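Contents: one structure, followed by commentary.
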Amino acid sequence: MIRGAACFRKLFQSSAVSSKVAARCYTAQAAVQPAIYSSDEESADIDWDNLGFNLMQTDYMYMTKCSDDGVFRKGQLNRYGNINLSPSAGVLNYGQGLFEGTKAYRRDDGRVFLFRPEQNAIRMQIGAERMCMPSPSTDQFVEAVKQTALANKRWIPPSGKGSLYIRPLLIGTGPILGLAPAPEYTFLVYACPVGNYFKQGTAPLNLYVEEDVHRASRGGAGGVKSITNYAPVLKAMKNAKANGYSDVLYLDAVNKKYIEEVSSCNIFLVKGNVLSTPIAKGTILEGITRKSIMDIAHDLGYTVEERLIEADELISADEVFCTGTAVGVAPVGSITYKGQRIEYKISSDLSCKQFYSRLVGIQRGVIKDERDWIVEIE
């Protein structure tokens with residue numbers, strides 16, 4: 001059974017939140033432009049076997065604007081390229097921006113699918129409410145992601161070779177001098193083919209527990225995908241990588257003893273038949289892969305807990321792994337905490353590999369999708 005706070009489920013199922021968000025910005029659903037397809041129907045000339053997580057310019061991006069009347073204008077696909085911003089744009093001066101990350105996958109038969117894009121849409125709406133921004137409706141968000149994927153279809157890797165990472169952005173583009181919400185907002189979606197997020201590929205991660213720098217604090221925006229959450233962790237990441245670590249695991253800012261998340265992904269511990277992950281109390285991002293792995297683990301008979309996890313528990317864990325749209329499911333080989341390096345056994349029968357195998361099986365159509373997680377792009 002799932003114990004602890006089910007914040008993610010409550011937020012995503014809350015009609016009160018959805019209606020409140022919807023009231024902030026009515027989206028003109030009829031104003032969605034039909035998809036533009038690349039004139040080159042052949043696959044892009046890429047070495048699919050050596051894809052990393054690097055920016056690669058594709059063909060098209062989707063863009064629409066929402067001004068102070070609260071209505072998103074007719075969206076359209078344009079050639080991928082730079083956008084014009086006022087020096088006084090809200091996003092540049094006050095960091096008023098959100099981003100999401102989802103992926104398009106190609107199956108063996110050539111069909112293309114998205115994984116739970118409506119959850120990204122709802123998470124953006126929740127984040128927009130926190131950041132005083134209007135947001136696109138779930139339908140427009142998903143339609144924009146579909147159009148972007150279709151327009152860049154030739155960049156979607158062959159089955160098993162990677163995915164098309166799709167990045168929706170919601171930013172305050174209107175000019176503003178005093179501290180206030182921007183008068184205009186832009187919703188933009190672009191895409192890029194990707195392979196493994198970490199440079200070591202599928203090799204186990206080596207994490208460093210950061211005790212001085214904190215990613216988020218209570219009452220802040222750590223629980224939403226604000227652009228302001230990421231620059232503050234760069235220094236800690238840079239220092240850790242310079243010392244041979246893959247990434248940083250952060251502690252809570254109040255007690256400095258409870259683990260929260262890694263720089264760009266969630267974390268799980270396995271002990272026996274119990275899967276534990278830090279409770280979502282506004283300081284960690286409630287990842288969509290995180291939620292999916294929790295559901296899969298429950299289906300496989302694990303007891304799933306969301307709770308406060310002390311860093312000292314890392315010593316006795318049987319297994320630790322990270323999850324995220326970009327990273328997928330990544331096993332952790334070691335964690336260094338207070339000068340002590342904790343090693344974890346890596347084998348083919350790890351719980352995280354079972355979870356990931358089932359997740360990929362659902363995405364590739366090998367395992368039946370019983371929760372309607374998969375959305376086919378027509």
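Quick caveat, the model's predicted, so the values are computed rather than measured.
Scored by the ring-ring contact (aromatic ring centres under 6.0 Å, His included) test, Tyr344 finds no partners at all (sequence neighbours excluded). The side-chain contact (heavy atoms from CB on, under 4.5 Å) check on Ile46 picks up Ala44, Trp48, Leu51, Met56, Trp155, Pro193, with sequence neighbours excluded. Residues meeting the side-chain contact (heavy atoms from CB on, under 4.5 Å) test with Ala221, sequence neighbours left out: Met131, Val224, Ser226, Asn229. Here Tyr258 pairs with nothing under the ring-ring contact (aromatic ring centres under 6.0 Å, His included) rule; sequence neighbours left out. When the ring-ring contact (aromatic ring centres under 6.0 Å, His included) test is applied to Tyr337, no partner is found at least two apart in sequence or on another chain.
Summarising the hydrophobic clusters (Ile, Leu, Val, Met, Phe, Trp, Tyr; side-chain heavy atoms under 4.5 Å, direct or chained), the residues clustered with Met61 are Leu55, Met63, Tyr80, Ile83, Leu85, Val91, Leu92, Phe99, Leu169, Ile171, Leu188, Tyr190, Ile227, Tyr230, Leu285. Grouping Ile, Leu, Val, Met, Phe, Trp and Tyr residues whose side-chain heavy atoms lie under 4.5 Å apart, directly or via other members, places Leu179 in a hydrophobic cluster with Tyr94, Ile176.
Here the CG atom belonging to Asp369 is positioned 8.0 Å from the CZ atom belonging to Phe115, to the nearest 0.5 angstrom. Interatomic distance, CZ of Arg73 versus SG of Cys66, reported as 7.5 Å (0.5 Å rounding).
For residues 173-182, no residue pair satisfies the salt bridge (charged side-chain N to carboxylate O under 4.0 Å, His left out) rule, not counting sequence neighbours. Screening residues 230-254 for salt bridge (charged side-chain N to carboxylate O under 4.0 Å, His left out), with sequence neighbours left out, gives no hits. The list of salt bridge (charged side-chain N to carboxylate O under 4.0 Å, His left out) pairs with a residue in residues 89-100, not counting sequence neighbours, reads Glu100-Arg123. Within the structure, salt bridge (charged side-chain N to carboxylate O under 4.0 Å, His left out) contacts touching residues 167-177 (residues at least two apart or in different chains) do not occur.
Using a 4.0 Å cut-off between a side-chain N of Lys or Arg and a carboxylate O of Asp or Glu, Glu261 and Arg290 do not qualify as a salt bridge.
Between Pro204 and Val332, the shortest heavy-atom contact is CB-C, 4.3 Å.
When each of Met294, Glu370, Arg371 is tested with Asp299 by the rule side chain to side chain contact (heavy atoms under 4.5 Å, CB included), just one qualifies, namely Arg371.
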Worksheet item: Does the pair Arg215 and Glu210 meet the rule for a salt bridge (charged side-chain N to carboxylate O under 4.0 Å, His left out), with working shown?
Response: CA-CA 10 Å; Arg215 177 189 167 275; Glu210 175 58 59; over 6 Å; no

All N/O donor-acceptor pairs, side-chain side in residues 346-355, below 3.5 Å, sequence neighbours left out:
{"unit_1": "Ser347", "atom_1": "OG", "unit_2": "Asp349", "atom_2": "OD1", "d": "2.4"}
{"unit_1": "Ser351", "atom_1": "OG", "unit_2": "Tyr302", "atom_2": "OH", "d": "2.8"}

